[in-house]
Asks: 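One structure is given below, represented as structure tokens, and several questions about it will come after.
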Amino acid sequence: MITFTAVTKRFPDGTVAVDDLTLDLPEGKITVFVGPSGCGKTTSLRMINRMVEPTSGQVLVQGRDVMEQDPAELRRGIGYVIQTAGLLPHRTVVDNIATVPYLLGWDKKRARSTALELLERVGLPAAYAKRYPAQLSGGQQQRVGVARALAAGPPIMLVDEPFSAVGPVVRAQLQAEFLRLQQDLGKTIAFVTHDIDEAVKLGDVVAVFHQGGHLAQVDTPEQLLAAPANDFVADFVGRDRGIRRLGFRLADSLPVQPVDAPRDSEWVLDLDDRGRPRGWSRRGVTASMQSGGGTFTTADSLRTVLDLTLTSPAGVAVRVDQHGVADGTVDHAAIAAHIQDDPIRAAR
Amino acid sequence: MSVLTDVAAFLAAGSNWQPENPDGITARLLEHLQYTGIALAIATAIAIPVGLFIGHTGRFAFIAINAGNAGRALPTLGLLSLVVILVGIGLVPVIVALVVLAIPPLLTSTYAGLQSVDRATVDAARGQGMRERQVLLRTEVPIALPILMSGIRNATLQVVATATVAAYVALGGFGRFLIDGLAVRDYAQVVAGAVLVAALAIVLDLLLAGVQRLVVSPGVSGRALTRTTPRKVSP
Ligand SMILES: Nc1ncnc2c1ncn2[C@@H]1O[C@H](COP(=O)(O)OP(=O)(O)OP(=O)(O)O)[C@@H](O)[C@H]1O
Ligand SMILES: [Mg+2]
């Protein structure tokens with residue numbers, strides 16, 4: 001879908017921002033460019049829509065060299081979301097979203113109705129359509145920026161640190177919404193961030209950039225956490241990568257003990273008449289399921305399950321089926337044993 | 001006190017407002033508006049495209065930057081006399097002098113307006129697929145409009161006030177009341193002429209303020225900013 005072949009970018013002042021980059025971005029997936037500041041992520045991204053032109057090498061978009069295409073037309077076919085949102089301050093929200101449809105010559109009615117649909121899709125009330133960007137918060141502007149990039153239905157999106165200017169709570173919310181959108185839309189996305197947590201959370205593939213636009217590693221998030229290719233990547237990924245990696249593994253193959261199996265702890269699991277866990281009790285003291293530990297399903301991650309064992313008074317997490325009926329328990333020793341058999345860990 | 005009553009009498013006299021009276025206020029007003037309008041139209045046609053080119057490309061910026069100072073240093077009356085010597089008496093020297101007067105504020109404000117546009121906004125517009133002309137006309141100019149309009153208002157005020165020089169070269173306009181009044185020591189007529197020039201300047205500025213309100217987007221003028229302010233981006 002998008003291919004870099006031996007791409008180098010040297011700016012007129014002599015700065016080599018990207019040096020001999022070769023990279024394939026898989027179709028319908030999110031490829032995250034991550035790395036320290038100034039390592040050439042944005043420059044690489046902008047070579048895809050020809051906002052920056054390569055000094056040598058080739059960038060192919062849907063099989064065609066970007067340098068052989070009309071820049072304006074190329075860009076209209078690629079959604080572009082920018083860190084500061086970059087909305088047009090003199091246009092209302094709905095007209096901002098419809099920017100590319102207008103450029104493509106859609107009739108005004110169709111462009112606007114598409115824009116209104118997208119406004120709703122990115123989670124903003126329809127009443128915001130008539131507002132100006134200055135009347136929106138940073139997070140809301142960012143949503144409009146995403147809607148604008150989607151408006152003409154491009155198969156490709158370039159996204160450059162869209163959530164770095166908002167607070168952590170809004171950021172987590174925007175990230176979740178972004179993933180939900182992508183699940184529906186299946187775009188080919190290049191996503192730039194310098195936040196490794198964001199990279200592993202959003203990426204199907206993560207490309208770790210080193211200073212000077214060198215690729216240090218290209219891998220799935222789980223593989224990146226499990227087996228950093230070198231010290232630079234290991235250092236960049238951070239120290240608690242073991243725990244974070246568990247977030248990518250489902251609890252579906254985790255072996256459980258029967259609910260009524262004898263345990264070391266004095267705490268007893270309290271079930272209602274249909275077998276659903278109510279809480280823990282010990283010598284007349286009770287702890288609700290919410291306050292102590294909790295329940296998990298096979299769709300939860302090992303990280304969640306491990307966390308439950310740590311907060312449960314009995315040191316075990318309770319698995320429930322789709323009806324909420326307890327069908328097994330697991331303690332952290334069992335999780336540790338389960339991870340020991342991990343083939344990825346063995347590889348390193 | 002008596003001058004003021006005389007001025008009021010002059011301004012109130014019905015005969016002075018009759019359109020048929022070639023020395024009347026109405027005739028002089030039309031002449032004054034004609035000089036002002038022609039000069040502003042020509043100056044705008046020259047200065048705004050040049051200012052847009054300089055502001056958009058960033059080339060020859062020194063011209064736009066120095067135009068303001070050069071403009072202030074030029075004595076209009078001296079220029080008028082020079083052009084009269086070159087081409088003779090008539091409308092041309094007056095218009096030339098007024099055009100030269102109006103170009104600097106127009107050029108400088110057009111340039112300054114474009115300079116004020118956030119580069120990130122321009123980059124975003126280009127990144128969405130706008131061509132250069134579209135970036136200029138659909139992004140830079142609408143955002144620059146408040147500053148551009150203030151330049152147009154500024155130029156208009158200067159031209160209206162200075163169009164009185166037309167009377168020096170035997171043309172009409174409100175300047176006639178000043179020149180003729182001085183010649184016969186009819187100070188009421190002189191003051192009335194000055195009042196008329198000031199009144200015309202105020203009326204035109206109010207009109208342009210109305211135009212500005214119509215053409216400048218509320219998102220840019222700040223009128224939309226009744227509630228939340230945008231969060232500033234920190235790196
Ligand atoms: N127009 C330019 N002219 C000269 N040098 C540039 C230009 N744009 C970027 N650079 C340089 O190229 C290098 C890579 O820049 P780039 O913006 O791609 O980094 P980045 O990885 O996106 O960093 P950040 O995380 O800070 O955004 C930097 O050293 C930067 O200073
Ligand atoms: Mg960057």
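A, B, ... follow the sequence lines: proteins, then strands. Residue 1 opens every chain.
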Asks: Of all the residues in residues 43-52 of chain A, which have a heavy atom that comes within less than 4.5 Å of a heavy atom in chain B?
Replies: A:Arg46, A:Asn49, A:Met51
Asks: What part of B:Gln134 is in contact with chain A, defined as an atom under 4.5 angstrom from a non-hydrogen atom: side chain, backbone, both or neither?
Replies: side chain
Asks: Is it the case that the side chain of A:His90 and the backbone of B:Val141 share a donor-acceptor pair, with hydrogens and angles ignored and the cut-off at 3.5 Å?
Replies: no
Asks: Atom CD of residue position B:Glu132 - does it have more than 12 heavy atoms of other residues, nucleotides or ligands inside 6.0 Å?
Replies: yes
Asks: Out of curiosity, B:Gln128 CD to A:Leu88 CG, how far, rounded to the nearest 0.5 Å?
Replies: 8.0 Å
Asks: Ring pair (Phe, Tyr, Trp, His ring centres under 6.0 Å) with B:His32: which residues, sequence neighbours excluded?
Replies: B:Phe174
Asks: How about B:Arg133: does its CZ atom have over 12 heavy atoms from other parts shown lying under 6.0 Å from it?
Replies: no
Asks: Which of the residues B:Asp123, B:Val220, B:Thr121 is involved in the greatest number of heavy-atom pairs with chain A at under 4.5 angstrom?
Replies: B:Asp123
Asks: Do any of residues 98-109 of chain A have a heavy atom less than 4.5 Å from a heavy atom of chain B, and if so, which, in residue order?
Replies: A:Thr99, A:Val100, A:Leu103
Asks: Which pair of heavy atoms, one from B:Ser217 and one from A:Tyr132, lies closest together, and at what distance?
Replies: OG-CE2, 3.3 Å
Asks: Between B:Asp118 and chain A, which part of the residue has a heavy atom less than 4.5 Å away: side chain, backbone, both or neither?
Replies: neither
Asks: If contact means a heavy atom pair closer than 4.5 Å, which residues of residues 65-79 of chain A contact chain B?
Replies: A:Asp70, A:Ala72, A:Glu73, A:Arg75, A:Arg76
